[in-house]
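So the structure is just underneath, and the comments pick up after that.
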There are 2 protein chains.
Amino acid sequence: MAARSYGQYCGVTTAVELIGERWSLLIVRDLLVGPRRYTDLKQGLPRIPTNILSTRLKELQEGGVVRRVPLLNCGLVYELTPYGRSFEPVMLALGRWGFQAMGDPEDGDVVTPDSLTMALRTAFQAEDATDADYELHVGDVALRASVRDGELRVAQLAPPAPPVGGRMPEGEADAVIVAGPGIRRLIGGEITPAEALAQDVVAVVRGDASWLDSFAATFHIARMTVGSTT
Amino acid sequence: MAARSYGQYCGVTTAVELIGERWSLLIVRDLLVGPRRYTDLKQGLPRIPTNILSTRLKELQEGGVVRRVPLLNCGLVYELTPYGRSFEPVMLALGRWGFQAMGDPEDGDVVTPDSLTMALRTAFQAEDATDADYELHVGDVALRASVRDGELRVAQLAPPAPPVGGRMPEGEADAVIVAGPGIRRLIGGEITPAEALAQDVVAVVRGDASWLDSFAATFHIARMTVGSTT
DNA sequence: CCGGATCCGAATCGATACTG
DNA sequence: CAGTATCGATTCGGATCCGG
């Protein structure tokens, strides 16, 4: 038996042996956004040691979760297998659960493009969604979230050097929302859009401020009390 | 910042910091079945070192996932907080995902009462369920699974020393099913109930063999190809 | 027996440096 | 760009011990 096996014949145990090592789940989270090269992953996971990153990628490949795809011209990317992609609902449920326990950011905590993208997917409520285009800025991460017919698409925008090529998703967004980490309290329903504006948690720097209402209806995670430890 | 923090402000990261340490998720899995004493957990997780068990229990308490409840007469139990209990859908989704990747058991792998109980919950399909009482034996684990009105209840039976008190859930089960680890292939839809019987993967030692059809309809995990690593 | 605490060798992780 | 090599700091695993 493998040394690190839990010694049980069980689906949960098998899952944990596949994606339960330190950093593995965050690699899968970023790959759920799209294929990534080694360097992209390293950038999106600023504190991961490079030897751990390569070890995890090898393990995930052996487990059939990730595969390595050479690019035509140069370089290569890692992408999820179909089985790896089928982890998405689990990841979203996990993100929703963890969201409830999020406090304020610690010193040094960062928000990455991929983590914010997944956070939006996590909070997306298809039933309550109305068609709209939002441009969302959190820290130096800029995203374009487009809602059409109950479907969400998120594109990552490069903050420096305004794109001169055709990278910008067709035209202007309905609203440009600039937020700090306190946006968590809006998504979590702890404060209303009006309160969020009043407390400078978010600002609508372009478009009508009422877009924040539809934003809050579209992206929402039900509040739940974290049980006391008494 | 905490040394073992991932340094990201994100729901997934928060979740992993709460339940991502080695063994933590398996402790939560067992506690989802019901409150357990320290010794119960140690028995249900045969390979966990005792210092790790107590460390994890402390961490889970600090995270608001678990709480420690003194018993009236003697001893104490650990139980999930409401927040910890809200992890159940994530656990079931994770178990379903891991189930797809389960192979044959390794040497030394065991099936515990709690893991089998959660596996039944994982595989339970309320829409396809018909009322029935099954007694299921896998290895030396014996369970009584009762389906009523699309709801599942699972009770654990003590294999030695037939219960003389009133512990036995009222009367006989409709069917007593004895299975080996190959029951995974029945639940996973790789083989039909008829094939499972023919291959001695399972046996119906009491009640009509046709109960196995309703069992297979009630407990099912859709098959999915684990992507190749090429 | 219950509920741990302590000790120690082995394995893993984290940080940095280095390479094809 | 895509890793490997190295090495000290941590953590894990196994065993033992201890107070109630």
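A, B, ... follow the sequence lines: proteins, then strands. Residue 1 opens every chain.
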Starting at CZ of R68(B) and ending at P of dC2(C), how long is that distance when rounded to a whole Å? 15 Å
Identify whether any heavy atom of S54(A) sits under 4.0 Å from a base atom; if not, whether one sits that close to sugar-phosphate; answer base, sugar-phosphate or nothing. base
Nearest-Å distance, NZ (K42(A)) to C1' (dA2(D))? 8 Å
note: D40(A), atom CG; dA2(D), atom C1'; distance rounded to Å ~ 12 Å
Could R68(A) and Y38(A) be counted as a cation-pi pair, given that NZ or CZ must be under 6.0 Å from the ring centre and within 45° of the axis? no
Any carboxylate oxygen within less than 4.0 angstrom of a Lys/Arg side-chain nitrogen, looking at E59(A) and R56(A)? yes
Using atom types as modelled and distance alone, determine if a side-chain donor or acceptor of Q100(A) lies under 3.5 Å from a backbone N or O of A222(A). yes
Can we say D114(B) and R29(B) salt-bridge, meaning some charged N sits less than 4.0 Å from an Asp/Glu carboxylate O? no
Quickly work out the L26(A) CG to dC13(C) P distance and round it to whole Å. 14 Å
Remember a base hit wins even if backbone is also touched, and classify L53(B) as base, sugar-phosphate or nothing at under 4.0 Å, heavy atoms. nothing
Calculate the interatomic distance between L57(B) atom CG and dC2(C) atom C1'; express it in whole Å. 14 Å
Taking W97(A) for its side chain and G11(B) for its backbone only, find out whether a donor-acceptor pair lies under 3.5 Å. no
Measure from NZ on K58(A) to C1' on dC13(C) and round the result to the nearest Å. 15 Å
Atom pair distance, as rounded to whole Å: CZ in R37(A) and P in dA2(D): 5 Å
Residue list, salt bridge (charged side-chain N to carboxylate O under 4.0 Å, His left out) with D104(A), at least two apart or on another chain: R184(A)
What does the B/S/- profile of nucleotides 6-20 of chain D look like, 5' to 3', with a 4.0 Å heavy-atom cutoff to protein? B----SSBBB-----
Rounded off to whole Å, could you give me the OH-to-C1' distance for the Y78(A) and dC1(D) pair? 11 Å
